[in-house]
Structures are given as C-alpha cells and as structure tokens.
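Below is one structure, written out as structure tokens, with a few remarks after it.
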Amino acid sequence: MTEATPTPGPTRGPSAASATGAALDVAYSPCPNDTFTFHAWAHGLVPGAEPPEVTFADIDVTNGMAERGEGSVLKVSYAVLPWVLDTYTLLPCGGALGRGCGPLVLTCGADGTGGGTAGTAAPATAADLSGRTVAVPSERSTAYLLFRLWAAAHVPGGVGKIVVLPFHEIMPAVRDGRVDAGLVIHEARFTYQRFGLHRLADLGEFWEDTTGHPIPLGAIIAKRSLGAERIAALTDAIRASVRQAWERPEASRDYVLAHAQEMEPEVADQHIALYVNEFTAELGEEGLAAVRELLDRAAAEGLVPPVTLD
C-alpha cells in the first residue's frame, strides 16, 4: 500500500544517572518545540526531578518504539495511541496541540500549470487529487489522519498511491514532479513558498472549522510499568521544565539551535511560538476532548482501532 523510506535512527542526548543508578530513558524529537520544552529537565535544572537519559528521534521512529514497547517515556503522535495504550499511559503535559498549526497539502502550481507526475498538470483543486500520488511523512500520524478525513470529504473517489517519505524530502519531491502533492508538517508551514509550492489545503483549518477543537499533534506517553508514583513525579518534572522554558527562554537557546537541523533562528522561534502553548503545560479537558474527537472520527472511518482514553 505504501513505499517507506527509512528515517535516521535515534541519537543520544544528555543523560545523568539517577540515585538508583539507572537513568529514565526518554525519547523526543530534535525539533525546537521539544528541545525548548524539555531543556530544563534534560539538563538537571528541575530540582528533585529524576534525571532523564535522552534519545533524539523523529516521531515516526518513536511511534515504532512505542508499538514495540521500547522506551519508558516517548513523544509520539496522537494517532498511534490506539495501538499502544495497553502498555503506555497518556501524560497530561509536554505534548503539542494548538490552533493555526495544522498540516498542509501542497502542490506545484496554484493554477494547475506546474508539473505533476508523468507529465500531468499539478492538481489545482481538491477534486484534482482523485487517483493521484501523494507523499506523506508517516501513516501513523495526526497529519495523515487529518489528511484521510479531509480527503474523504473533498476528494471524489479518494487519492491514488500514498508514498511515505521523510518530511524534509516531501517538498523537493512535489517541486520536482515526483509526486502530485505532499502532506507537510512542522516548519514547512513557514518555508514551502521557497520551493515555489502552492497550499492546496490547510488541514488545521479543516479540523478547526469542522470540530471547533484544537489540533492534537504530539503526545507524551509513559510506560504503565513505571508505576503511578513515578509517573506522577515525572509529570511534575515535565510541567516544571515547561514553566522554566517560558520564564528563561534564553537558557535553552543553544540547545534548541544545536539540534534544529540547520534551521534559521527565526524559523525556530516561529516553531516554538506555534507548538508550545497552554496545552503543553496542561492538556486539560479541552485538549482531551480534541484527542477523543480525532480518534473517534478516525475509528469511524476505519483508520484506527476504537480506543477509550483514561
């Protein structure tokens, strides 16, 4: 059904041994929102917090880790929760939800004159995507669930072939006519015009207009086997880390930029402003309702198994 391109594996970040001699293994992405959020905890700046041993990995890697039961604390897509909640519990902080921060569907030309695959015209409307090739960063992601929900409503007969590519390869693939459209996330919201691409759809707008909810993107999960007391303590550590990030944003600057994959500082700042917000500090009832809505709608379309959140 798909063609997958391997994503680089996880890399180690800062670590420190706990009082018991075993560090808590934590995996999150090198994206600015995660390094900003977790800087204080990762660097031993949260008093009394258990020190984490950090691994950097893109979210499709951490999704796979969660499905295999690898890792104690992971940043994953909300879309993977139906497959992992027997082993993991959703934490009420540290994740990414928001408004105006949804994935985009991009094509090569606003008027259909750009190049699509096999010499065809680039799709100019949603209906033009019928039977066409679309590149996506993962099939276990909120972006992909939103795309499928949007396509069911707006693309007659559905799209054709789905090609899975690392997200940094998607815009060049659209530009070069290797795919007809691309589903993009993260900082691509701020940079797609540099590739001469056209925004065919903003899936965040689609979601918010349809449901009124913020967009659930990335979740923090912890292994249930850690026990309630330890999970509560690391939840407090994450909340404290978020607060410190907001109180002293300059403290995390070097850490953020060192892992931002050659991203310009101003783009990193936009990334943080968009994805680190009140839902990062506390998911709350509003955030949890958004997660339930997403997974319920996806289950109704047969995209994920039905799931009940704690």
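Count residues from 1 along the sequence.
Here the closest heavy-atom approach between residue Ala96 and residue Tyr78 is recorded as O-CE1, 4.1 Å. Pairing each heavy atom of Ser77 with each of Ser141, the nearest pair is OG-CA, 3.1 Å. Residues Cys93 and Ile238 approach most closely at SG-CG2, 3.8 Å, considering heavy atoms. Across all their heavy atoms, Leu309 and Arg292 have their closest contact at CD1-CG, 3.7 Å. Closest non-hydrogen pair, Asp180 versus Thr107, comes out as O-CG2, 3.8 Å. Pairing each heavy atom of His39 with each of Ser241, the nearest pair is N-OG, 4.0 Å.
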For Asp34 and Thr37, what are the C-alpha separation, side-chain angles and deciding distance, and is it a side chain to side chain donor-acceptor pair (under 3.5 Å)? CA-CA 5 Å; Asp34 285 345; Thr37 293; 5.4 Å; no
Give the C-alpha distance, both sets of side-chain angles, the deciding distance and a yes or no for side-chain contact (heavy atoms from CB on, under 4.5 Å) between Val80 and Thr62. CA-CA 10 Å; Val80 84; Thr62 56; over 6 Å; no
CA sep, side-chain torsions, deciding dist, call: Arg189, Asp202, salt bridge (charged side-chain N to carboxylate O under 4.0 Å, His left out): CA-CA 10 Å; Arg189 289 188 62 90; Asp202 184 324; 3.4 Å; yes
Please evaluate residues Lys75 and Phe38 with respect to the criterion side-chain contact (heavy atoms from CB on, under 4.5 Å), reporting the C-alpha separation (whole Å), side-chain torsions for both, the decisive distance (0.1 Å), and the verdict. CA-CA 11 Å; Lys75 170 75 174 287; Phe38 293 105; 5.5 Å; no
Salt bridge (charged side-chain N to carboxylate O under 4.0 Å, His left out), that's the test. Do Glu301 and Arg297 meet it? Break it down for me. CA-CA 6 Å; Glu301 289 289 332; Arg297 284 175 178 253; over 6 Å; no
Could you check Val307 against Leu85 for side-chain contact (heavy atoms from CB on, under 4.5 Å), going step by step and ending with a plain yes or no? CA-CA 8 Å; Val307 65; Leu85 285 180; 3.7 Å; yes
Full working for side-chain contact (heavy atoms from CB on, under 4.5 Å) between Thr125 and Asp128: CA-CA 5 Å; Thr125 67; Asp128 294 337; 3.2 Å; yes
As a quick check of understanding, evaluate side chain to side chain donor-acceptor pair (under 3.5 Å) for Tyr144 and Arg148, giving each step before the final call. CA-CA 6 Å; Tyr144 185 68; Arg148 289 287 299 271; 3.0 Å; yes
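Atom CG of residue Leu97 and atom CD1 of residue Ile215 lie 9.0 Å apart, to the nearest 0.5 angstrom. Atom CD in Glu169 sits 10.5 Å away from atom CZ in Phe167 (nearest 0.5 Å). In this structure, Gln244 CD and His43 NE2 are separated by 12.0 Å, a value rounded to the nearest 0.5 Å. Between the CD atom in Glu205 and the OG1 atom in Thr210 there is a gap of 11.0 Å [rounded to 0.5 Å]. Between Asp176 atom CG and Met171 atom CE the span is 12.0 Å, to the nearest 0.5 Å. Rounded to the nearest 0.5 Å, atoms CG (Leu149) and CG (Leu294) are 7.0 Å apart.
Using modelled atom types, no side-chain atom of Ser130 and backbone atom of Val159 make a donor-acceptor pair closer than 3.5 Å. Looking at Asp25, its side chain does come within 3.5 Å of a backbone N or O of Ser72 through a donor-acceptor pair. A donor-acceptor pair is defined here as one N or O able to donate and one able to accept, closer than 3.5 Å; no such pair exists between the side chain of Asp60 and the backbone of Pro137.
Side-chain contact between Val26 and Leu234 is absent, with no heavy atoms from C-beta onward closer than 4.5 Å. Two residues are said to be in side-chain contact when any heavy atoms from C-beta on lie closer than 4.5 Å; Trp83 and Val304 meet this criterion. Taking 4.5 Å as the limit, every side-chain heavy atom of Val54 sits out of range of all side-chain heavy atoms of Trp41. Val73 places a side-chain heavy atom less than 4.5 Å from the side chain of Leu24. For the pair Leu74 and Tyr88, the minimum side-chain heavy-atom distance is below 4.5 Å. For the pair Pro216 and Trp207, the minimum side-chain heavy-atom distance is below 4.5 Å. When side chains are defined from C-beta on, Thr35 does not count as touching Ser252, because their heavy atoms never get closer than 4.5 Å. Pro103 places a side-chain heavy atom less than 4.5 Å from the side chain of Leu146.
The same ILVMFWY cluster, assembled from side-chain heavy atoms under 4.5 Å apart, contains both Leu197 and Ile170. The hydrophobic clustering, which links ILVMFWY residues whose side-chain heavy atoms are closer than 4.5 Å, places Val76 and Leu295 together. There is no path of hydrophobic side-chain contacts, each under 4.5 Å, that joins Val61 to Ile59. Hydrophobic clustering (ILVMFWY, side-chain heavy atoms < 4.5 Å, transitive): Ile185 and Tyr28 are in distinct clusters. With hydrophobic clusters built from ILVMFWY side chains whose heavy atoms lie under 4.5 angstrom apart, Leu45 does not share a cluster with Phe36.
The neighbour count for Asp296 CG, taken as heavy atoms of other residues, nucleotides or ligands under 6.0 Å away, is above 12. Remark: Arg224 CZ is packed, more than 12 non-hydrogen atoms of other residues, nucleotides or ligands lying under 6.0 Å away. Atom CD of Glu285 has 12 or fewer neighbouring heavy atoms from other residues, nucleotides or ligands inside a 6.0 Å radius.
Remark: Pro265 pairs with Arg253, Leu257 by the side chain to side chain contact (heavy atoms under 4.5 Å, CB included) rule, at least two apart or across chains.
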